[in-house]
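Computation of the quantities below employed the complete heavy-atom set of this structure, encompassing side-chain atoms and omitting hydrogens, waters and symmetry-equivalent molecules.
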Amino acid sequence: MRAPIPEPNPGDLIEIFRPFYRHWAVYVGDGYVVHLAPPSEIAGAGAASLMSALTDKAIVKKELLYFVAGKDKYHVNNKYDQKNKPLPPSKIVQRAEELVGQEMLYKVTSENCEHFVNELRYGVPRSDQVRDAIMAAGIAGVGLAAVGLIGAVISRNKRQKQ
């Protein structure tokens with residue numbers, strides 16, 4: 001039997017492991033989180049939620065953590081606490097709850113749910129998911145270019161020998 005997940009503390013960042021990406025929320029107490037979600041975000045929806053990320057608007061929602069996580073695993077991840085001093089928990093919760101119900105701009109690359117919660121906790125919007133995806137795309141692009149270049153050289157050598 002798995003050990004129960006400990007109750008997060010107000011102001012903690014919650015990382016939810018969706019099938020193709022990570023969704024983020026900030027814990028505000030009593031089992032609730034505040035998160036930035038495209039209008040069609042459905043707990044545990046996986047690819048459907050991923051497709052909803054193509055929208056340019058999102059709603060700040062306050063919902064029960066167990067509902068937002070659905071069947072997906074989650075954990076507390078205050079990963080920037082060593083680099084950035086978090087705001088006091090009461091301030092994080094206050095800022096989060098003041099935004100509930102507001103429609104906000106949503107861009108996967110610059111204004112996503114991870115940017116949103118990091119702005120609330122640290123005052124600095126940032127997203128490692130975006131950075132990691134860009135780096136992976138860059139590495140893949142360099143790899144494809146290298147394969148193409150090698151293929152062109154081999155092809156040219158074969159033609160020259162004929």
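Annotation: the span from Glu97 atom CD to Tyr32 atom OH amounts to 10.5 Å, rounded to 0.5 Å. Note that the CG atom of Asn112 and the NE2 atom of His23 stand 10.0 Å from one another [nearest 0.5 Å]. Here CG of Asp30 is found 9.5 Å from CG of Leu64. Values are rounded to the nearest 0.5 Å. Between the CD1 atom of Ile16 and the CG atom of Leu65 there is a distance of 6.0 Å, given to the nearest 0.5 Å.
Legend: residues meeting side-chain contact (heavy atoms from CB on, under 4.5 Å) with Asp81, ordered by chain and number and at least two apart, are Asn78, Pro86, Arg121, Tyr122. Scanning for salt bridge (charged side-chain N to carboxylate O under 4.0 Å, His left out) contacts around Glu98 gives an empty result, with sequence neighbours left out. Under the rule for a side-chain contact (heavy atoms from CB on, under 4.5 Å), the partners of Glu15 that lie at least two apart in sequence or sit in another chain are Phe17, Arg22, Trp24, His75, Asn77. Under the salt bridge (charged side-chain N to carboxylate O under 4.0 Å, His left out) criterion, Glu63 pairs with no residue at all, not counting sequence neighbours. Applying the side-chain hydrogen bond (donor to acceptor under 3.5 Å, both in side chains) rule to Gln102 yields no partners; only residues at least two apart in sequence or on another chain are considered.
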Val26 and Ile14: side chain to side chain contact (heavy atoms under 4.5 Å, CB included), yes or no, with the steps?
-> CA-CA 6 Å; Val26 63; Ile14 308 296; over 6 Å; no
Steps toward side chain to side chain contact (heavy atoms under 4.5 Å, CB included) verdict (Met104, Phe116) | CA-CA 10 Å; Met104 302 184 80; Phe116 175 75; 3.9 Å; yes
Side chain to side chain contact (heavy atoms under 4.5 Å, CB included) between His35 and Cys113, worked out = CA-CA 7 Å; His35 64 119; Cys113 58; 5.8 Å; no
Derivation and outcome, side chain to side chain contact (heavy atoms under 4.5 Å, CB included), residues Leu36 and Glu111 = CA-CA 9 Å; Leu36 184 63; Glu111 297 173 73; 5.8 Å; no
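The backbone N or O of Gly70 lies less than 3.5 Å from no partner atom in the side chain of Tyr66, so there is not a single donor-acceptor pair. No side-chain donor-acceptor contact under 3.5 Å links Asn118 to the backbone of His115.
The shortest side-chain heavy-atom distance between Val34 and Val100 falls under the 4.5 Å cut-off.
Across all non-hydrogen atoms, the minimal contact from Glu119 to Arg95 is O-NH1, 3.1 Å. Contact detail for Lys79 and Asp128: the closest heavy-atom pair is NZ-OD2, 3.1 Å. Annotation for Val33 and Ala25: closest pair CB-CB, 3.7 Å, computed over non-hydrogen atoms. Of all non-hydrogen atoms in Gly11 and Val93, the two that sit nearest each other are N-CG2, 4.0 Å. Scanning all heavy atoms of the two residues, the minimum distance from Pro10 to Pro89 falls at O-CB, 3.4 Å.
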